[in-house]
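Quick notes on the structure that follows.
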Amino acid sequence: MDFKDLPKAYDSQSVEADIYKRWEESGYFNPDRLPDRNQNGAPFCISMPPPNVTGVLHLGHAFENALMDTMIRFERMRGKKAVLVPGTDHAAIATQAKVEKMLIADGMQYPREELGREKLLDKIRTYAEESKTTIISQIRKVGTSCDWSRLAYTFDEERSLAVNTLFERMYNDGLIYRGYRVVNWSVKGQSTCSDDEIEHVERKAKFYTFKYSEDFPILIATTRPETKLGDTAVAVHPNDDRYKQYIGQIFSVDVGAAKPLNIKVIADEEVDSEFGTGALGVTPAHSAVDFAMYEKQKAKGNPIDIIQVIGEDGKMTAEAGEAYQGLTATEAREKFVTYLKDQGLLIKEEEIDQNVGTSDRYGDIIEAIPKLQWWLDVNKEIPGRKKSLRDLMRDAVTTGLDGDKSKLVTIIPENITKQYLDRIENLRDWCLSRQIWWGHRIPIWYKGEEAKFSIESPGEGWEQDSDTLDTWFSSGTWTFSTLGWPNETDDLKIYHPTSWMQMGFEIRYLWLMRMILTSTYIFNDIPFKDAYIHGVLRDKDGKKFSKSSGNGIDPIDIVNEYGSDALRISLLFGVSPGNDSRFYAEKVENGRNFTNKLWNISRFILTNNEERTSNDDSSESEVRSSRFEGRTLADKWILNRLDEVIASVTKKLETYQFSPAGEELRDFTWNDLADWYLEIAKVEKGKQEILMQILPTILKLWHPFMPFVTEFIWSQFNEDQLIVTEWPTSTLDADNQVSGEFEILRSLITDLRRLRAEQGIEPAKFVEYSIVADSDQSQLIGQNLEVIKALTRAESIAIADTIAEDWATDVSSTMTIGLNLSGAIDVDAEKVKLQKEIDALSPYIKSTEAKLSNSEFTSKAPEHVVVSMRSKLDEALKKVASLSARLSKM
RNA sequence: GCGCGUAUAGCUCAGCUGGUUAGAGUGUCACAUUGACAUUGUGAAGGUCCCUGGUUCGAGUCCAGGUACGCGCACCA
């Protein structure tokens with residue numbers, strides 16, 4: 001291979017597709033086809049959070065893929081039996097809502113009525129399949145090394161079996177029940193939704209104070225007057241002296257509903273006497289809180305009525321009365337308010353801010369209506385377990401299940417655990433049924449009064465429940481249904497509990513909690529050991545990316561323009577767990593620039609090596625086989641640094657610190673290696689062996705972050721594939737003396753460069769320096785003279801006792817350095833500069849001296865702090881002395 | 001109302017269990033450019049670490065209170 005033929009700039013477009021194909025053909029994505037080293041390694045499994053089949057891959061997905069793929073490649077190289085299991089999500093409501101919207105945009109008015117169940121499902125299925133294909137090809141494009149042979153779909157046969165099996169077990173354990181309750185109802189979506197699928201929006205509302213009739217003794221306040229047509233009670237606090245006397249009384253009032261309302265005054269601790277009038281009109285059918293009171297009264301043997309005045313179509317029912325029937329809630333509200341005004345019953349009307357719940361998929365305001373639904377009981381004791389689902393969910397993140405720490409889910413960042421627990425305590429039963437059609441049909445069949453669980457029709461005359469299951473019910477099985485459950489597969493035995501899970505902050509309740517619920521219930525085990533929670537990506541101004549605000553970025557466009565590697569590191573850098581991060585073009589450009597830098601570093605090393613090997617017959621494998629001991633200070637230093645970086649990056653990846661790991665690697669690669677060591681190597685020569693030891697190591701370290709460019713460079717001088725090579729290890733025997741000496745050398749070079757830059761000497765010009773140094777320093781300079789000369793563009797460097805008066809000077813470490821200006825010195829400017837430097841040091845010297853003379857400090861502070869402070873002070877004092885001496889001579 | 005998070009250079013962010021003269025990237029300015037790389041190099045300028053108290057020999061870091069922004073839950077009679 002002639003490395004000189006490699007293009008000057010890395011061209012991602014021309015290599016990525018081939019590289020991905022090569023990986024796929026190698027089979028290394030599949031843990032069963034990994035080399036022996038991995039076969040004998042510990043299992044490591046990540047379940048990919050399945051993207052919804054609602055369209056295309058967005059930037060958030062690309063981010064998650066970068067996280068997961070970095071992790072899986074790291075562990076694969078470390079010799080684990082690593083697998084990333086991919087999949088997609090049928091996303092019940094989200095997908096149906098999307099397809100319905102498209103059909104409506106195409107001119108259809110009521111897709112469900114016009115098409116019917118089967119035809120609409122066909123349309124959705126076609127759309128879902130198309131999305132799936134698109135998404136999968138996009139996941140390949142960003143380089144994710146997932147095992148496509150294990151590809152799963154939440155709605156495929158295996159996963160459907162898992163869903164039905166889970167339902168069956170919970171049903172048989174009596175945890176799933178059918179109950180008539182107030183549910184969250186989306187009129188637009190014609191379906192229930194869970195508490196987690198509601199988005200609260202703030203808006204202005206009118207707050208009306210009124211009474212039911214002229215002689216009704218208690219005032220009521222409400223923002224929903226129209227629901228008052230269904231009131232059956234007034235609740236007051238039991239200790240409220242204003243109303244105590246009425247408790248237990250029933251008032252019959254005629255407000256124009258179908259029948260006069262029998263309003264009973266009841267006492268309830270929940271009522272806040274301070275709010276509104278201190279009395280609450282109870283509408284059991286249209287408020288979850290009121291419904292709870294209704295149930296409480298029933299339990300007390302003191303029941304109140306329930307009247308549904310709003311129907312599933314969002315319009316007033318017959319119960320609301322002839323005058324209201326068929327009106328929308330808003331129309332009814334106006335009409336009822338007018339009636340109250342006319343009757344002189346409206347006391348007050350004021351504007352307030354309130355939060356209303358809206359459907360996160362359909363966008364309309366959620367109505368509370370009573371409905372017969374399937375529920376999952378989170379409080380009931382699981383037969384034979386002495387624990388409820390709520391208990392299991394709590395145990396899994398606190399003590400570990402049964403107090404077993406190996407069955408503990410660690411949430412990262414830690415503080416999310418608090419929020420999780422807070423949520424657990426407030427958890428209500430989970431409404432499982434949905435009236436949309438796209439999803440797993442509830443596996444319950446009815447015949448007259450009879451109901452039973454069955455996947456297939458149990459026979460003649462049985463009819464299946466028409467509802468479908470909440471999409472998160474299937475998502476909850478994801479970590480194990482993807483591994484083959486309910487079948488007792490090897491995958492399940494080997495990989496469950498999975499090792500690591502990552503997910504967005506916004507689905508920590510929806511999904512994290514449900515996976516824990518499901519897994520603890522089925523296996524009495526956790527779904528994953530560590531859960532890494534990340535924030536959302538925002539644009540440059542901190543806005544969320546969304547189609548409606550028009551700031552969307554297609555990750556595939558970025559890949560095409562800048563390459564997948566550039567995209568990946570730009571997504572990972574500057575991100576910390578649990579926090580939102582920003583994403584913008586400059587970050588990707590920076591990623592692309594770095595990719596190119598690595599490319600050119602490699603090109604330099606390889607061509608350099610080629611020149612050497614062309615007139616040398618030792619083989620490459622020999623060169624790489626043994627660790628090379630450096631000859632010069634720079635050699636020893638770079639090997640030291642490399643060793644430190646290996647240790648540090650490994651540690652950081654082990655603890656999921658993606659950004660710090662990547663940034664440390666970048667700093668090493670760009671600053672230490674490229675800017676310093678390679679420049680020195682050009683001077684010192686004969687670095688082929690050491691460079692051919694460094695290059696493979698940095699390619700390995702970079703591979704999890706930037707798989708394409710590293711694999712491609714690797715392929716230029718290797719037969720095997722980088723993806724399965726062994727992760728480098730550190731010897732951890734860093735030599736402090738070497739790094740100290742190199743630091744002196746490095747700052748000397750920087751200071752000499754600064755000296756000439758300050759004097760406005762153009763970089764290309766050769767200059768004369770002289771340096772006042774002690775014997776150790778002179779030796780260091782002598783040993784590295786050629787390097788210093790080359791990197792500072794020096795004609796000559798003399799060790800002197802003093803610097804000539806007409807030369808520019810400065811102090812580096814404790815050496816005085818001088819630059820020959822051939823008499824063109826500006827003495828005044830020089831004096832000002834030296835005085836400035838002295839002044840800059842004086843506050844530091846003062847405060848440090850004060851500290852060191854404080855016996856409280858010297859006695860209480862650890863010794864190393866005192867020692868290092870003392871030596872730094874020494875150095876500063878010497879520096880000031882040199883500067884002052886120089887100044888006084890001018 | 002309750003809870004959570006964030007506040008460090010113009011911008012985006014690091015800064016572990018308190019101990020360097022507080023860092024990086026990007027942006028800005030100056031100089032350079034056939035040399036692995038202009039997708040570059042060298043150098044410079046840039047900070048009251050939100051405010052007020054406290055603990056401590058020592059606080060960007062810990063504690064208390066406050067301010068600003070973001071988020072969640074609840075209420076929504």
Side-chain angles (χ1 to χ4, degrees), chain A residues 3-4 6 8-10 195 200 205 207 209 220-224 228 234-235 271-272 275-283 287 289-290 352-357 413 415-416 418-419 422-423 426 505-506 508-509 535 540 542 562 566 573-576 578-584 586-587 589-590 592-608 657 659-660 663-664 666-667 671 674-675 678-679 682 750 753-758 760-764 791-793 840-841 843-845 847-848 851 854-862 864-866 868-869 872 876:
Chain A
F3 300 119
K4 281 183 178 141
L6 290 172
K8 283 187 148 197
Y10 172 60
D195 295 345
H200 292 276
F207 192 47
T209 305
I220 295 300
T222 183
T223 55
R224 298 286 311 268
K228 300 291 108 181
V234 164
V271 177
D272 177 2
F275 192 92
T277 63
L280 155 67
V282 181
T283 326
S287 154
V289 175
D290 297 5
I352 60 162
D353 291 319
Q354 71 161 2
N355 282 324
V356 291
N415 70 288
I416 307 267
K418 267 193 211 161
Q419 297 179 33
D422 203 46
R423 180 60 169 234
N426 296 315
F505 186 81
E506 70 284 0
R508 66 200 186 286
Y509 301 136
K540 206 169 182 175
Y562 297 95
F573 284 21
V575 172
S576 59
N579 293 324
D580 291 355
S581 57
R582 299 188 191 206
F583 184 85
Y584 41 87
E586 288 91 328
K587 269 183 116 170
E589 278 169 24
N590 183 241
R592 187 261 330 259
N593 293 357
F594 179 73
T595 315
N596 192 56
K597 189 75 188 182
L598 183 62
W599 172 259
N600 276 295
I601 288 169
S602 308
R603 207 156 67 90
F604 174 73
I605 294 175
L606 291 172
T607 47
N608 212 282
Q657 300 179 67
S659 183
E663 285 169 58
E664 176 159 6
R666 181 191 55 196
D667 291 346
N671 302 335
D675 292 345
L678 293 188
E679 291 308 314
K682 288 176 189 170
T750 308
R753 282 168 171 170
R754 185 189 309 122
L755 192 58
R756 62 182 293 156
E758 275 170 358
I761 294 172
E762 58 179 88
L791 298 192
T792 59
R793 203 83 176 158
L841 280 168
Y844 168 71
I845 290 174
S847 77
T848 311
K851 270 185 202 163
N854 182 347
S855 62
E856 287 266 34
F857 170 70
T858 47
S859 62
K860 286 182 183 168
H864 73 271
V865 174
V866 180
S868 89
M869 200 172 269
K872 273 173 191 155

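Below, read A as the first sequence line, B as the second, and so on, with proteins coming before strands; counting in each chain starts at 1. Below, each value reflects all heavy atoms present in this structure, side chains not excepted, and no hydrogens, waters or symmetry copies. These figures come from a predicted structure and were not determined experimentally.
At a threshold of 4.0 angstrom between heavy atoms, the contacts of Thr595(A) with the nucleic acid are absent. When heavy atoms are screened at a 4.0 angstrom cut-off, Asn590(A) is found touching the sugar-phosphate backbone but no base atom. Within the nucleic acid shown, Ala674(A) comes within 4.0 Å of at least one base atom, counting heavy atoms only. Contacts of Glu663(A) with the nucleic acid, taken as non-hydrogen atoms under 4.0 Å apart, are absent. Residue Ile601(A) is in base contact, counting any heavy-atom pair closer than 4.0 Å across all strands shown. Within 4.0 Å (heavy atoms only), Val289(A) reaches sugar-phosphate atoms of the nucleic acid but no base atom. At a threshold of 4.0 angstrom between heavy atoms, the contacts of Phe594(A) with the nucleic acid are absent. If you check every strand for non-hydrogen atoms under 4.0 Å, Asp290(A) touches nothing. In this structure, Glu589(A) reaches neither bases nor backbone, as no heavy-atom distance under 4.0 Å exists between it and the strands shown. Residue contacts shown for Arg754(A) are limited to sugar-phosphate atoms, with no base heavy atom under 4.0 Å away. Using a 4.0 Å heavy-atom cutoff across all strands shown, Arg756(A) reaches no nucleic acid atom at all. Here Phe207(A) lies in heavy-atom contact (under 4.0 Å) with sugar-phosphate atoms only.
With C4(B), C76(B), A36(B) as the choices, the nucleotide that has an atom nearest any side-chain atom of Lys418(A) turns out to be C4(B). Nearest to the side-chain atoms of Asn593(A) among the listed nucleotides C57(B), U39(B), A32(B) stands U39(B). Here the side chain of Ser576(A) is nearest to one of A14(B), G43(B), G25(B), namely A14(B). Among the nucleotides A36(B), G43(B), A14(B), the one closest to any side-chain atom of Thr750(A) is G43(B). The nucleotide whose nearest atom lies closest to any side-chain atom of Arg592(A) is, among U39(B), A36(B), G43(B), U39(B). Considering only side-chain atoms of Asn415(A), the nucleotide from C4(B), C76(B), A36(B) that sits closest is C4(B). Out of G41(B), G25(B), A36(B), the shortest distance to the side chain of Asp675(A) is found at G41(B). Listed candidates were U40(B), A24(B), U42(B). Nearest to the side chain of Asp667(A) is A24(B). Considering only the side chain of Glu762(A), C31(B) comes nearest among A24(B), C31(B), C37(B). For Leu280(A), whose side chain is taken as the heavy atoms from C-beta onward, the closest listed nucleotide among A77(B), A36(B), C31(B) is A77(B).
A 4.5 Å side-chain heavy-atom check between Tyr10(A) and Arg603(A) finds every atom pair outside the cut-off.
Atom CG in Asn426(A) sits about 7 Å away from atom C1' in C73(B), given to the nearest Å. Rounded to whole angstrom, the span from the OH atom of Tyr584(A) across to the C1' atom of U26(B) amounts to 7 Å.
Just one of Ile601(A), Asn593(A), Asn600(A) meets the side-chain contact (heavy atoms from CB on, under 4.5 Å) condition when paired with Lys597(A); it is Ile601(A).
Evaluation of atom-type donor-acceptor distances gives a pair under 3.5 Å for the side chain of Lys682(A) against the base of A36(B). Counting atom types as modelled, Glu679(A) pairs a side-chain N or O with a base atom of A36(B) as donor and acceptor under 3.5 Å.
Between U12(B) and Arg582(A), a contact under 4.0 Å exists linking OP1 or OP2 to a side-chain N or O. Phosphate contact (OP1/OP2 of A36(B), side-chain N/O of Thr607(A), threshold under 4.0 Å): absent. Contact annotation: Lys597(A) does not reach the phosphate of C37(B) (side-chain N/O to OP1 or OP2, under 4.0 Å). The side chain of Thr223(A) places an N or O atom within less than 4.0 Å of a non-bridging phosphate oxygen (OP1 or OP2) of A77(B). One finds no side-chain N or O of Lys540(A) lying less than 4.0 angstrom from the OP1 or OP2 phosphate oxygen of U26(B).
C50(B) and A68(B) have their C1' atoms separated by 8 Å, with the value rounded to a whole Å. Here, C57(B) and C69(B) have their C1' atoms 37 Å apart, quoted to the whole Å. On the C1' atoms, G10(B) is 11 Å away from G47(B), given to the nearest whole Å. Taking atom P in both C49(B) and C37(B), one finds a spacing of 44 Å when rounded to whole Å. Comparing the P positions of U21(B) and C31(B) gives a spacing of 35 Å, expressed to the nearest Å. Taking the P atom of each, G46(B) and A9(B) are spaced 14 Å apart, rounded to whole Å. C73(B) and C13(B) have their P atoms separated by 24 Å, with the value rounded to a whole Å. One P atom belongs to G60(B), the other to A22(B), and the distance between them is 10 Å to the nearest Å.
C29(B) is paired with G43(B) under the Watson-Crick or G-U wobble criterion, all donor-acceptor distances under 3.5 Å. In this structure, C37(B) makes no Watson-Crick or G-U wobble pair, since no nucleotide meets both defining distances under 3.5 angstrom. Figure legend. U12(B) is base-paired to A24(B); pairs are counted as Watson-Crick or G-U wobble with both atom distances under 3.5 Å. A77(B) makes up no base pair with any nucleotide shown, lacking Watson-Crick or G-U wobble contacts both under 3.5 Å. With a cut-off of 3.5 Å on both Watson-Crick or G-U wobble distances, the partner of U55(B) is given as none. Checking C2(B) for Watson-Crick or G-U wobble geometry (two distances, each under 3.5 Å) identifies G72(B) as its partner. Partner assigned to U17(B) is none, using Watson-Crick or G-U wobble distances below 3.5 angstrom.
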Report all interatomic pairs (protein N or O, nucleotide N or O of nucleotides 19-22 of chain B) with separations under 3.5 Å.
{"residue": "U20(B)", "atom": "O2'", "partner": "Lys872(A)", "partner atom": "NZ", "Å": "3.4"}
{"residue": "U21(B)", "atom": "OP1", "partner": "Tyr844(A)", "partner atom": "OH", "Å": "3.4"}

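For Lys872(A) and Tyr844(A), the positive end is not near the middle of the six-membered ring at less than 6.0 Å and at most 45° from its axis.
Side-chain N or O atoms of Ser659(A) include one that pairs as donor or acceptor with a backbone N or O of Gly574(A) at under 3.5 Å.
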